[in-house]
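Comments concern the structure below.
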Amino acid sequence: MELPIVCEADFSDPSYSFVDLDVLIDRIAGDLRAHGFSHVPAALPEPLWQALHAEVATAPAGQLKAASVGRFNARVANSEVRRDAILWIEGASDAQRAWMAFASRLQVELNRRLLLGLFSFESHFAHYAPGAFYKRHLDAFRGQANRRLSVVAYLNEAWSPEDGGRLVLYDPEHDETALAEIQPEGGSLVVFLSEEFPHEVLSASKDRFSIAGWFRVNSSNSGRVDPPR
Ligand SMILES: O=C(O)CCC(=O)C(=O)O
Ligand SMILES: [Fe+2]
């Protein structure tokens with residue numbers, strides 16, 4: 001589930017490659033530096049997000065599991081908090097490997113530019129059936145967690161404002177203030193500091209598909225001071 005990045009081999013269909021990856025990563029890094037979050041519409045190549053959409057939308061019944069909340073052995077399904085169903089991405093297809101190769105590149109480049117110390121990446125498909133939501137939450141608990149950066153990619157064709165399903169990002173200082181309300185349009189990408197931004201997923205009137213992922217720092221080092229000389 002949690003895979004240290006070991007290589008950047010490109011296994012994938014050439015139509016999955018990013019045309020201007022450096023420009024995209026520069027933009028994400030600049031936004032993170034200035035605001036702590038980034039929203040880039042039409043970030044992913046269309047053939048890639050469409051292939052990912054096809055995988056999750058046609059997954060055999062029962063492959064996606066009710067998502068849970070809480071940490072470690074306290075994890076429980078809690079349908080009052082979230083109602084999505086998830087499937088972990090572990091490289092089962094060219095499209096999954098292309099997504100993971102993108103995440104790997106993002107990890108390396110953001111570490112280089114922002115010194116975030118990102119160490120590993122995990123991500124899952126998510127399906128929000130009509131009416132499903134994810135109430136306001138933080139992806140990491142300040143001080144304890146090793147989730148440092150959250151990434152969400154949307155996989156929905158022809159989404160319109162009336163369909164609902166927006167991601168609302170709240171201001172870390174005034175958590176009644178919405179900083180951004182993001183439509184889950186296919187190919188768009190949202191990246192934000194996991195410990196900083198409370199956020200929620202509003203219910204939608206149709207099926208909503210996405211990928212949610214997290215970069216972690218190395219838990220065996222986090223919070224430790226340097227050893228004495
Ligand atoms: O799908 C989204 O817009 C965000 C999902 C989310 O917040 C999560 O899975 O933690
Ligand atoms: Fe979240």
Side-chain angles (χ1 to χ4, degrees), residues 1-2 28 31-32 36-44 49 52-53 55-57 59 64-72 74-90 99 103 118 120-142 144-157 159-161 163-172 175 178-216:
M1 215 174 282
E2 196 183 322
I28 293 169
D31 288 345
L32 288 175
F37 75 96
S38 180
H39 169 215
V40 186
L44 302 188
W49 69 258
L52 293 164
H53 171 268
E55 274 187 40
V56 60
L64 278 79
K65 307 283 186 211
S68 57
V69 296
R71 305 190 73 213
F72 307 113
R75 294 192 74 81
V76 285
N78 184 340
S79 61
E80 295 312 305
V81 177
R82 64 185 296 190
R83 297 226 176 136
D84 55 325
I86 65 165
L87 177 64
W88 289 95
I89 293 178
E90 294 181 306
W99 162 254
L118 308 177
S120 67
F121 182 68
E122 59 186 340
S123 64
H124 62 59
F125 288 116
H127 171 217
Y128 291 73
F133 52 78
Y134 193 163
K135 292 270 170 69
R136 183 202 295 236
H137 64 281
L138 279 172
D139 286 348
F141 298 99
R142 221 178 281 241
Q144 303 176 21
N146 51 21
R147 278 181 175 178
R148 170 90 22 117
L149 196 67
S150 302
V151 179
V152 187
Y154 296 110
L155 309 177
N156 306 295
E157 194 131 21
W159 197 269
S160 66
D163 298 327
R166 288 187 299 283
L167 168 68
V168 185
L169 280 187
Y170 292 96
D171 186 330
D175 70 1
L179 287 180
E181 294 213 11
I182 293 160
Q183 308 276 357
E185 282 163 358
S188 55
L189 198 66
V190 181
V191 184
F192 57 92
L193 296 171
S194 305
E195 292 176 321
E196 299 295 326
F197 294 92
H199 55 282
E200 74 177 307
V201 178
L202 304 178
S203 69
S205 58
K206 58 187 207 187
D207 291 299
R208 177 192 194 271
F209 295 100
S210 58
I211 293 174
W214 299 272
F215 293 101
R216 292 178 183 268

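Starting from 1, each residue takes its place in the sequence as its number. Counting convention: from 1, in listed order, for ligands and their atoms alike.
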Taking the side chain as every heavy atom from C-beta outward, state whether [X] and [Y] have any pair of such atoms under 4.5 Å apart.
X    : Y    : value
P161 : Q183 : yes
H39  : V191 : no
L118 : L149 : yes
E185 : Y154 : no
Y134 : V81  : yes
E55  : F125 : yes

Proximity of F133 and Y128 rings by center, below 6.0 Å: no

Centroid separation under 6.0 Å, is that true for the rings of H199 and F192?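 Aromatic pair counts; centres sit under 6.0 Å.
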
Would you call the rings of W214 and W88 parallel, tilted or perpendicular, where under 30° means parallel and over 60° means perpendicular? tilted

Taking 2.8 Å as the upper limit, name the protein N, O or S atoms near the Fe ion (ligand 2).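 The answer, once waters are left aside, is H137 NE2, D139 OD1, H199 NE2.
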
Would you tabulate the polar-atom pairs, meaning N/O of ligand 1 against N/O of the protein, with distances under 3.5 Å, reported to 0.1 Å?
{"residue": "ligand 1", "atom": "1 (O)", "partner": "R208", "partner atom": "NH1", "Å": "2.9"}
{"residue": "ligand 1", "atom": "3 (O)", "partner": "Y154", "partner atom": "OH", "Å": "2.5"}
{"residue": "ligand 1", "atom": "3 (O)", "partner": "R208", "partner atom": "NH2", "Å": "2.8"}
{"residue": "ligand 1", "atom": "7 (O)", "partner": "H137", "partner atom": "NE2", "Å": "3.2"}
{"residue": "ligand 1", "atom": "7 (O)", "partner": "H199", "partner atom": "NE2", "Å": "2.9"}
{"residue": "ligand 1", "atom": "10 (O)", "partner": "H137", "partner atom": "NE2", "Å": "3.2"}
{"residue": "ligand 1", "atom": "10 (O)", "partner": "D139", "partner atom": "OD1", "Å": "3.1"}

